[in-house]
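Quantities reported herein were computed from a predicted structural model and do not represent experimental measurements. First the proteins, then the strands, lettered A, B, ... as listed; each starts at 1.
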Amino acid sequence: MCNAGRPLGVYLSMDDLPESDADNDAVMLAAIVEDIDAGFAGMVRAYQRVVYSVALRVGAGADADDLAAECFLRAYRALLGYDRSRILALRPRSWLLTILLNTWRNTVRGASRRPAVAMADVPERPAPGPTVEDVVTGSETRGELGALVSALPENQRLAVVLRHVVELPVAEIAAVMRIPEGTVKSHVSRGLARLREQYAKEVVR
Amino acid sequence: MTGEDSHDPLALRLGGLAVAPPRDLTGSVYGDWTRVDGPVGELLVAFTEVGVSYIRTAASVGDDDDTFRERFHALFQRPLRRASDVPAGLRQALRGHGAAGVAVDLRVLTPFERDVLTATREIPTGQTRPYAWVAHAIGRPKAVRAVGTALGNNPVPLLIPCHRVTRSDGSLGQYVFGAEVKERLLRAEETNVDELLDLARSRVAYVGSGGVYCYPTCTRARTAADPRGLRTLAAARAAGLRPCELCTPAG
């Protein structure tokens, strides 16, 4: 939990991404180098779904959109201090998710010292219940599965969310979580086993 | 089962947990800006989804968009984009109606600065209060100088009427866009500036009438039948007067 001071940049080779994503990223980053205010919207639009989904499913609950917005704001402020070559070398998805997780941990840790603030109960708060849309489309299991995910131990929860909710490759998860790939795989499989066990119980009930 | 099997039904259901945010987050991250007519010439106004965050007169930025953007960036460190619309109620507020109802975004300020501006927002149109009144209103009676500094850094002048805060000696004092603009704004609100300056010259800070003492611009003082000038709080108290509950005169 104590990685607030870690650098924000995450460097992997472009080969780890499907070609089209890498191309889109290159265009997006070039636009940011050209004019940061005009170009940054492209980064927000390209990655807000991934960033928000992780924020929501790691346990930020109703504050997930605020946490995701704060992540993008911190990313923008970091970019202000980066030179051209550093921006062009960024892997935006891993970089943003690293910022997100640092922001989340800092917020949770800051909140635990000041129990009165709104995010004090973030780790325990279950995901929101099914929406009208979920019920209508028959995907109401989303709510209870989300609640089961949010109840996983932190490392398993992070690994499962990054691997199966937003479908990152194991190597990228290892970079974001700063743990070896083997450890990622073991967190994922233990997390899934636990979910499977609990999900079966919920369905039987 | 290793979790790598994409046909695993649980893994597929987990994929369904990815959702788009309830609103486009560019709206939460970006500041928007536009130009709008104001009481002292054209204004450049920036706002966020929380409220109006920055107001400059065109004259104060040399009528240059880039200067405005640079100052916005230095203060807020947010991306800024040109908006086509104006925040609800802002045009009306700049014509003198409902300024208190327009949301402001003061998140970039310290709690002290926010308190100063929130108290200042309570000063009615056409009236003035000394810096010491603001200091009393926020429970920091000795912080008069710091109040002056906070008002000088008001990011949303006009909307939060820091031009209605004057020096305790009755003179109009400094203003973020210059003393001359302050006087023009007060006159535009039909504040009796000439009378205020006359009172200041004769060192009258309060007006007593009907058993109470007020600031000279208080509604009660202006409609009093038998007003008399008072130089100090001590003089007011010695005359057996109590403080007006409308303008709550303080130091």
Where does Val149(A) contact chain B at under 4.5 Å (heavy atoms): side chain, backbone, both or neither? side chain

Is any side-chain heavy atom of Val161(A) closer than 4.5 Å to one of Leu17(B)? no

Report the distance from atom CG of Leu25(B) to atom CG of Asp65(A), rounding to the nearest 0.5 Å. 7.0 Å

Should we count CZ of Arg167(B) as having more than 12 external heavy atoms under 6.0 Å? no

Closest approach of Leu10(B) and Leu192(A), non-hydrogen atoms and distance? CD2-O, 3.8 Å

Within a radius of less than 6.0 Å around CD of Glu42(B), do more than 12 heavy atoms belonging to other residues, nucleotides or ligands occur? yes

Donor-acceptor under 3.5 Å (Arg49(A) side chain, Ala18(B) main chain): yes

Using a 4.5 Å heavy-atom cutoff, which residues in residues 155-162 of chain B come close to chain A? none

Taking atom CD of Glu245(B) as the centre, report whether more than 12 heavy atoms of other residues, nucleotides or ligands fall under 6.0 Å from it. yes

Quick one: does Asp37(A)'s side chain get under 4.5 Å of Arg69(B)'s, heavy atoms only? yes

So which residues of residues 72-102 of chain B are in contact with chain A at a heavy-atom cut-off of under 4.5 Å? His73(B), Phe76(B), Gln77(B), Arg78(B), Pro79(B), Leu80(B), Arg81(B)

Thr26(B) (side chain) donor-acceptor with Ala41(A) (main chain) under 3.5 angstrom: no

Interchain contact, Val160(A) with chain B, by part (heavy-atom threshold 4.5 Å): side chain

Would you check if Ser28(B) and Phe72(A) make a side-chain contact, meaning some heavy-atom pair closer than 4.5 Å? no

Less than 4.5 Å to any heavy atom of chain B: does that hold for the side chain of Tyr76(A), its backbone, both, or neither? side chain

For the student: nearest non-hydrogen atoms of Ile36(A) and Tyr30(B), plus distance: O-OH, 4.4 Å

Answer yes or no: is there an ion pair linking Arg23(B) with Asp66(A), defined by an N-O contact shorter than 4.0 Å? yes

